[in-house]
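Down below is the structure, laid out as structure tokens.
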Amino acid sequence: MSSKNPQRYNVTTALPYANGPVHIGHLAGVYVPADIYVRYLRAKEKDVVFIGGSDEHGVPITISAKNEGKTPQQIVDRYHSMIKDSFEELGISFDIYSRTSSQLHHKTASDFFKKLYENNKLIEKTEDQYYDQEANQFLADRYLLGTCPQCGYEKAYGDQCESCGSSLSADELINPVSKLSGNKPVKKSTKHWYLPLDQYEGWLRKWILEEHKTDWKSNVYGQCKSWLDNGLNPRAVTRDLSWGVKVPLEEAKDKVLYVWFDAPIGYISATRELTNDWEKYWKDDDTKLVHFIGKDNIVFHCIIFPSMLKADGDYILPDNVPANEFLNLEGDKISTSRNWAVWLHEYLQDFHGKQDVLRYVLTANAPETKDNDFTWKDFQARNNNELVAIFGNFVNRALVLTKKYYEQQVPTPDTLTESDQEILQQISTYPQSTGEKIERYRLREAQQEMMKLARLGNKYLADNEPWKLIKTDEQRVKSIIYVALQIAAQLAYVCEPFLPFTARKLKDMMNLADRNWDALTTQKLIDPGHKINKATHLFNPIEDHEIQAQYDKLAISKAKNEEAEQNLEPLKEPVTYEDFSKLDLRVATILEAEKVPKTGKLLKITLDTGIDKRTVVAGIAKDHKPEDLIGQKVTIVANLQPRKLKGIESQGMILMANNPDGTLHFVSPEEDSKNGAQVN
RNA sequence: GGCGAGAUAGCUCAGUAGGUUAGAGCGCAGCACUCAUAAUGCUGAGGUCGAGGGUUCGAAUCUCUCUCUCGCUACCA
């Protein structure tokens, strides 16, 4: 139901999680594209609100707080202001950048819940759940260990026994123990509310799979289809936690809304904070709602949030969700924990005044259809070869010539030649051709279109050679400079969504007033006699040493990561010698190895232990090929209770060193150690 | 293993109602020019369109199988 010409727009951006700063991956996928889109709409004088904010709830923030000995509020305060400031400095032109810890958000989210509750849109389930009195919290199934009632295995999880494969409920476990504290948990009854997503399946299928088959991106559509085909289940909207939006029910004082439920409501709260007229942006059919997000958020914005809005009944649904893929950095996945990222706040310090360069590079290389790679070398090349050499250079040429020949005044053209008129005609089409691409969310192409205009300018000057004609035909030169200045003026307007700082500078240099995008189709953007200001360079070359400094920075991260690998996992509790001596560790040699069918990582391995030949199943196929393993000496736990995996009985466990990068390596005895030798 | 997305020039990417010599930008080579931050313009080289079958008069484009990358998920750790 894409209305071609809506009255107004509501553009939201994924709320960054306030547990760390923002990096180029976030920018390329979400904020820069959204900002381009919004600036374009504003240039067309459309009624638009551009919404952002920090997502400040959820368990990871409470963990960070605990680790640093601070309150969750202190953590989110720090990152919220950091994120907000750096967005502003980059020119991400939010109408409001709010936060989910605000009072208004708490009220909005809890009202939202309440309405669903009162209209019986939620399912209630009361269950006795295990509660850890020391850790002071309810225990999810996976945080419970106990004895399996089926096979007697002592370390079955609350939801499943990994030994015999039978699925369990936490209640069936014999002698359950909390994985958090090791204590015996107590039973406590707790009630939770669920959004019955399964009830929305038919409606979602029609809405997405039929009505948005052609206008949504294929990655978005495919993800949704996958989820819908797998079937949807009711999803709990409340949790037994303290950090978050309190559930507005007398009987649920100690519960909060699950973060996935409260976060998207943050869009609504932020709009509400922005304007008393907020409802027309959320409840009027003539509003076009667009969510800019990364691909990790597709299911929330295409399935869950729309179901929430539908459940409420008063809200409009997103017209499009142009989710982007991911951006890599120098060939490796961006990672906050490994500090493998270009942080926005650091970029702004290192490359002061070069906001537009980053915006340009991230747009040129935006992961619109597949994951892309950001490299500093590419960053430098695009700045030097495109922004400086093509864009900046053309503008400089046109303005310098104007200064040289006409004392900074736009000359009155002589009779315009046919080719002049053709050029003027051409430049008048750029706003529309660029705009069409923006409206289809093809921002990479749109930006290229803008650059074509600069190329056109360079070519026009080269073809007409005013520096030669000035000696022989002064009248003709007036026309040429006049036309060149029209191109430069158009460039100033058309580049605004992509390069707002540059647009400002260029407009100031040329003394241009702001203009409606749709009025740019005129062939005269700047009048004869119009005085322009002194030209300064719009862009400057980036030197090799500046790029090298960034590579050095990354190298430090890499080195630190390797160092950190030494002490990643904290030491476990001390054990007695008796505890240790219960283990029977032995040397063994791999005789045979083959993949277990229908699994990703499992290998069935036959071992010579000196005492016997036995079979173990090991989850190491990701790092080791079966054929390479024959003859490999290994250390095994020989007296581990056998357990069945995929129908094969595994009689022991091969010891593997688990590197922080997730790769597994054999703990291999020296070659001359004998099979069956005890390890102690 | 299941599901989804992707694999096109050295690099980053376009390219579907299947149709003559597969495109752009950057990089590279040569030429021209000097107003401009040695910038610009022109010309050119460079591709078995991931591999292999199939449908078709004809496939980058439709279909099947396979390989690799990314994500979700399962199993595993």
Side-chain angles (χ1 to χ4, degrees), chain A residues 160 162 165 217-231 294-299 323-328 331 333 361 364-375 377-378 380-405 437 442 444-445 447-449 451-452 454-470 477 480-481 484 535-542 595-603 617-623 643 645-646 650 653-654 656-659 662-664:
Chain A
Q160 192 183 12
E162 308 250 305
K217 291 174 65 172
S218 63
N219 58 339
V220 175
Y221 183 88
Q223 274 276 340
C224 292
K225 189 170 186 320
S226 172
W227 275 83
L228 289 169
D229 287 348
N230 283 331
K295 68 172 163 185
D296 51 331
N297 258 326
I298 290 173
V299 63
N324 276 325
E325 303 282 306
F326 285 155
L327 189 68
N328 294 325
K333 211 176 289 188
V361 173
N365 197 22
E368 283 177 4
T369 51
K370 62 172 187 190
D371 290 1
N372 267 349
D373 200 24
F374 176 94
T375 67
K377 210 176 142 235
D378 179 63
Q380 182 188 27
R382 287 200 188 269
N383 177 75
N384 294 359
N385 304 332
E386 298 178 29
L387 289 177
V388 175
I390 296 171
F391 190 119
N393 190 223
F394 164 66
V395 168
N396 192 236
R397 295 170 84 185
L399 298 193
V400 165
L401 288 171
T402 306
K403 182 186 170 203
K404 229 175 209 169
Y405 301 153
K437 291 175 197 302
R442 314 193 86 158
R444 229 170 23 202
E445 279 179 32
Q447 186 174 256
Q448 274 175 23
E449 192 72 12
M451 283 302 283
K452 263 203 221 162
R455 286 176 214 283
L456 182 73
N458 278 318
K459 183 168 164 53
Y460 179 76
L461 288 178
D463 286 350
N464 287 283
E465 303 184 305
W467 48 90
K468 273 188 183 167
L469 289 176
I470 193 72
V477 174
I480 296 170
I481 301 304
T536 55
H537 291 153
L538 292 173
F539 304 100
N540 291 299
I542 290 172
K595 268 199 93 168
V596 179
K598 307 224 171 203
T599 64
K601 300 184 196 169
L602 294 187
L603 292 183
V617 177
I620 60 173
K622 223 181 158 193
D623 298 303
R643 57 191 277 208
L645 297 170
K646 286 280 161 188
S650 180
M653 190 167 104
I654 298 176
M656 302 298 289
N658 192 355
N659 271 10
T663 57
L664 297 172

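Heavy-atom basis, side chains included; hydrogens, waters and symmetry copies ignored. Because the structure is predicted, anything quoted here is derived from the model rather than measured. Every chain is numbered from 1, with letters handed out A, B, ... down the list of sequences.
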Discussion item. Pairing check on rU55(B): which nucleotide meets the Watson-Crick or G-U wobble criteria with it, both distances under 3.5 Å?
Written reply: none
Discussion item. In whole Å, I'd like the distance from the CG atom of D371(A) to the P atom of rG71(B).
Written reply: 7 Å
Worksheet item: rA5(B), rC72(B), rC33(B): which one has an atom nearest the side-chain heavy atoms of W467(A)?
Response: rC33(B)
Response to the item:
To the nearest angstrom, the CD1-C1' distance between I480(A) and rC35(B) comes to 11 Å
Fill in: Any-strand Watson-Crick or G-U partner of rG71(B), both distances under 3.5 Å
rC3(B)
Fill in: Value rounded to 0.5 Å, distance of CD1 in I480(A) from CD1 in I470(A)
9.0 Å
Practice prompt. Write down the atom of N540(A), the atom of N383(A), and the distance for their closest heavy-atom approach.
Written response: O-ND2, 3.0 Å
Practice prompt. Between N328(A) and K468(A), name the one whose nearest nucleotide on RNA chain B is closer to the 5' end.
Written response: K468(A)
Worksheet entry | rC26(B) - base-pair partner by Watson-Crick or wobble geometry, distances under 3.5 Å | rG10(B)
Discussion item. Less than 4.5 Å apart, side chain to side chain, heavy atoms only: is that true for N324(A) and E368(A)?
Written reply: yes
Worksheet item: Taking the same atom, P, in rG23(B) and in rA60(B), what whole-Å distance lies between them?
Response: 14 Å
Worksheet item: Can you tell me how far C1' of rC33(B) sits from CG of L469(A), to the nearest Å?
Response: 13 Å
Practice prompt. Mind calculating the distance between CD (E368(A)) and C1' (rC70(B)) to the nearest angstrom?
Written response: 17 Å
Practice prompt. Taking only Lys NZ, Arg NE, NH1 and NH2, and the carboxylate oxygens of Asp or Glu, determine whether D371(A) and K295(A) approach each other closer than 4.0 Å.
Written response: yes
Worksheet item: Rounding to the closest angstrom, what is the interatomic distance between rG71(B) and rC31(B) at atom P?
Response: 48 Å
Discussion item. Rounded to whole Å, please give me the gap between CG in L228(A) and C1' in rU73(B).
Written reply: 15 Å
Worksheet item: Partner of rC35(B) by Watson-Crick or G-U wobble geometry, both contacts under 3.5 Å, or none?
Response: none
Fill in: Atom pair distance, as rounded to whole Å: CD in E325(A) and P in rU12(B)
16 Å
Discussion item. So, OP1 or OP2 of rA14(B): does either fall under 4.0 Å of a side-chain N or O from R444(A)?
Written reply: yes
Discussion item. If I pick the C1' atom on rU34(B) and the same atom on rG41(B), what distance separates them, to the nearest angstrom?
Written reply: 12 Å
Discussion item. Suppose we define a pair by two distances each less than 3.5 Å, Watson-Crick or G-U wobble; what does rG47(B) pair with here?
Written reply: none
Item to complete: Check whether any side-chain nitrogen or oxygen of T375(A) sits under 4.0 Å from OP1 or OP2 of rU12(B), and answer yes or no.
Response: no
Worksheet entry | rC62(B) to rU55(B) separation - C1' atoms, rounded to the nearest Å | 8 Å
Fill in: Between rG52(B) and rC70(B) - P atom distance, rounded Å
24 Å
Worksheet item: Rounding to the closest angstrom, what is the interatomic distance between rA14(B) and rA22(B) at atom C1'?
Response: 11 Å
Item to complete: By nearest nucleotide on RNA chain B, pick out whichever of D378(A) and K295(A) is the more 5' one.
Response: D378(A)
Worksheet entry | Distance, rounded to the nearest Å, where M451(A) contributes CE and rU12(B) contributes C1' | 15 Å
Practice prompt. For nucleotides rC33(B) and rG50(B), find the distance between their C1' atoms and express it as a whole number of Å.
Written response: 44 Å
Worksheet, complete the sentence: Counting primed atoms, P, OP1 and OP2 as sugar-phosphate and everything else as base, the B/S/- map of nucleotides 36-46 of chain B against protein heavy atoms under 4.0 Å is BB-SSSS----
Worksheet entry | pair L461(A)-W467(A): side-chain heavy atoms closer than 4.5 Å | yes
Worksheet item: Would I481(A) and K404(A) satisfy side-chain contact (heavy atoms from CB on, under 4.5 Å), going step by step from the backbone distance to the final call?
Response: CA-CA 11 Å; I481(A) 301 304; K404(A) 229 175 209 169; over 6 Å; no
Discussion item. A side-chain contact here means heavy atoms from C-beta on lying under 4.5 Å apart; do N464(A) and L469(A) qualify?
Written reply: no
Fill in: Between C1' of rG25(B) and CG of L387(A), the distance in whole Å
13 Å
Discussion item. Please give me the minimum heavy-atom distance between P466(A) and L401(A), naming the atom from each residue.
Written reply: CG-CD1, 4.1 Å
Worksheet entry | Base-pairing assignment for rU16(B) (Watson-Crick or G-U wobble, both under 3.5 Å) | none
Discussion item. Side-chain N or O of S218(A) versus OP1/OP2 of rG6(B): is the shortest distance under 4.0 Å?
Written reply: yes
Fill in: Interatomic distance at P, rG25(B) relative to rU40(B), whole Å
13 Å
Worksheet item: Which of the following nucleotides, rC33(B), rU12(B), rC26(B), is nearest to the side chain of N365(A)?
Response: rU12(B)
Fill in: Side-chain donor-acceptor pair present, K370(A), N219(A), cut-off under 3.5 Å
no
